[in-house]
Amino acid sequence: MSNTSNENEQKIQSASNSLLSKLTRERPTLPGETYGVPGSGNTVLLSLTTIAILLFFWWLITAMGWVKPLFVPSPQSIVVKFLNIWRDGFTGSALWVHILISAGRVFSAFLLACAIGIPLGLAMGMSPLIRGIFDPPIEFYRPIPPLAYLPLMIIWFGIGETSKVLLIFLSVFAPVALGARAGVRSAAIEQIHAAYSFGATRWQVLRHVILPSAMPEILTAMRIGIGFGWTTLVAAEMVAATKGIGYMVLTASQFLQTSVVIMGIVVIAGIAYLFDLLMRMIERKVVPWKGKM
Amino acid sequence: MSLNVENATVIYPGTDGRPPTEALQQINMTLDDGDFVVSIGASGCGKSTLLNLIAGFLAPTEGQIILDGSAVEGPGADRSVVFQKHALLPWLNVLENIEFGLMLQGHTKEARNTVAGRFIKLLGLSGFENSPVYALSGGMQQRVGIARALTCDPKLLLMDEPLGALDALTREKAQELILQLWHDTGKSVFFITHSVEEALFMGTRLIVMSPRPGRITHEFDLPFSRKFLDGTSARSVKASPEFIEIREEVLAIIFADEEAV
Ligand SMILES: Nc1ncnc2c1ncn2[C@@H]1O[C@H](COP(=O)(O)OP(=O)(O)OP(=O)(O)O)[C@@H](O)[C@H]1O
Ligand SMILES: [Mg+2]
């Protein structure tokens, strides 16, 4: 009896040992990986554990009645709320309509910001003329919180879709443009010189050296940019919206429906996270060479 | 092909209160068809600066560079550069890297493939056409760089320490390969190295440079590459008494410079 419990203890200890050492020890990498790349390694297990622990504490404080459901509803009630709204809709529109409307606003703003921001950022990196012209306005508006210029947007562009998409567009545009601008510096001077010594034109150098080598930074900037887009969504749907996840969250908060608020937040986070996973997949496909040369 | 560097002086402006650097002072040099000129000297004596002048990346503060009768004004396809590192494009595979120059010059896919195929064979890269360049060994990457420089049939090959990052064995093999290519293609070469042995073995002419200000202090005509191409083995060329004698002489010059710094 004492023997087996001892053995069990040992097993547990060795298991925790190996987990600990797995996390702390520097092992040689497998072929095809690079040793000593800072921060390399798989984090799925750790992340899942963190999520589980957070959920557990959330459940614990609500189940024990330490806080009122008005402030923190239980995780189960959020799921129930989600199912209810999925079935019955919210203020007359189905949940997926709210999701689609919001996603449409964010993604159209995002695409527009990329379509204008990436070429402009590249141009700013390549030409002192264009940098000189566009640097002050972008740097000026970039640190201003979107809520601060929301009233202006509404005064200028009305309460329709334009001002909503434009607000999100502005929050995505700056990081994307600045990322593309910084990416121009990624190419090694030897790569650029090599192209010129083959008689390349400035345009060819841009197209065949600068742009491909800037791809990793551009993709990172796009990931950061769309993050800003989701952050701005709620602000964009504050005024005169009748549909959208941000609208749902704001309306629910006015009626103290905390569980709907949290549910909306989780939905936004979920979509944003899925899109980020997609972007990372694209990154692996488009720039498999990132950091390798 | 004939290249004349005439009284070239390069002064880098001083920044942040540091004094300006006279990287090259009154350099005169000629390079004729089929020459293999090697430049050697203490670190910072202006070798790369001289190469950048010839390549057209840098304009001289004074003097001029004359290539086939006209002044060099910027880089051009008649002078290809092989860099020490960082010059391949990791988003292209081996074949695409080698074809890069031809692609920029607008050659058709077939024409590119024919030319690139020749150099792939010549440099022993067969079978790696579709490999990503970052998965190659350093020596292979360097061979890709050399193949790429050769595809556009330049009159003059400029090499800035192309073998500096290689191990001894790969390096010796690469030296023989470059000599063979030079012999077979009849190109002119300007070659920078830190290895005295490599300099003496490869060049038809050696220019020894000295720092602060950078200038050419000695020149040697060299017979050793011819001997190798006539069939003497590389090691026995490098072990011959004449070779060792001149090697020690050059080493003494360079060491004296290093100590003067
Ligand atoms: N862009 C620059 N700005 C200012 N000074 C420079 C610049 N490039 C080179 N120098 C200076 O010019 C001198 C010659 O440099 P260069 O790179 O030509 O030397 P090198 O002979 O190639 O040296 P190494 O053998 O170490 O490569 C050095 O003193 C260096 O500090
Ligand atoms: Mg150098």
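Note on naming: letters A, B, ... go to the chains in the order of the sequence lines (proteins, then strands), and numbering restarts at 1 for each one. Side chains included, hydrogens not; waters and symmetry mates left out as well; all remaining heavy atoms used. This is a predicted model, so every value here is computed, not measured.
Every salt bridge (charged side-chain N to carboxylate O under 4.0 Å, His left out) that A:Arg142 has, sequence neighbours left out, goes to A:Glu139. Checked against side-chain hydrogen bond (donor to acceptor under 3.5 Å, both in side chains), B:Thr9 has no partners two or more places apart in sequence or in another chain. Listed by chain and number, the residues in a salt bridge (charged side-chain N to carboxylate O under 4.0 Å, His left out) with B:Glu129 amount to none (sequence neighbours excluded).
Considering CG of B:Asp160 and NE2 of A:His193, their distance stands at 11.5 Å, rounded to 0.5 Å. Atoms CZ and CE, from A:Phe198 and B:Met103 in turn, are 10.0 Å apart once rounded to the nearest 0.5 Å. The distance from the CG atom of B:Leu89 to the CH2 atom of A:Trp289 is 9.5 Å, given to the nearest 0.5 Å.
With a 4.5 Å cut-off on non-hydrogen atoms, A:Thr201 does not touch chain B at all. Heavy-atom distances place no part of B:Leu92 under 4.5 Å from chain A, backbone and side chain included. Both the backbone and the side chain of A:Ala195 have a heavy atom closer than 4.5 Å to some heavy atom of chain B.
Nearest heavy atom pair, residue A:His208 against residue B:Leu104, reads CD2-CD2, 3.8 Å. Residues B:Ala87 and A:Glu190 share a closest heavy-atom pair of CB-CB, 3.8 Å. The nearest pair of heavy atoms linking B:Ser80 to A:Ser197 is CA-OG, 4.3 Å.
Using non-hydrogen atoms only and a strict 4.5 Å limit, the part of residues 132-147 of chain B facing chain A consists of B:Val133, B:Tyr134, B:Gln141.
More than 12 heavy atoms of other shown residues, nucleotides or ligands fall within 6.0 angstrom of atom OH in B:Tyr12. The number of heavy atoms from other shown groups lying within 6.0 Å of CZ (A:Phe134) does not exceed 12. Atom CZ of B:Phe119 is surrounded by more than 12 heavy atoms from other residues, nucleotides or ligands within 6.0 Å. Residue-environment remark: CZ (A:Arg280) exceeds the threshold of 12 foreign heavy atoms within 6.0 Å. At most 12 non-hydrogen atoms from other residues, nucleotides or ligands lie less than 6.0 angstrom from NZ of B:Lys173.
Between A:Val209 and B:Phe100, some side-chain heavy-atom pair lies under the 4.5 Å cut-off.
Here A:Ser213 is the residue among A:Ala188, A:Ala187, A:Ser213 with the most heavy-atom pairs under 4.5 Å with chain B. When each of B:Gly76, B:Gly56, B:Gly74, B:Pro154 is checked for heavy-atom pairs under 4.5 Å with chain A, B:Gly76 comes out on top. Heavy-atom pairs under 4.5 Å with chain B peak, among A:Ala200, A:Pro212, A:Ala194, at A:Pro212.
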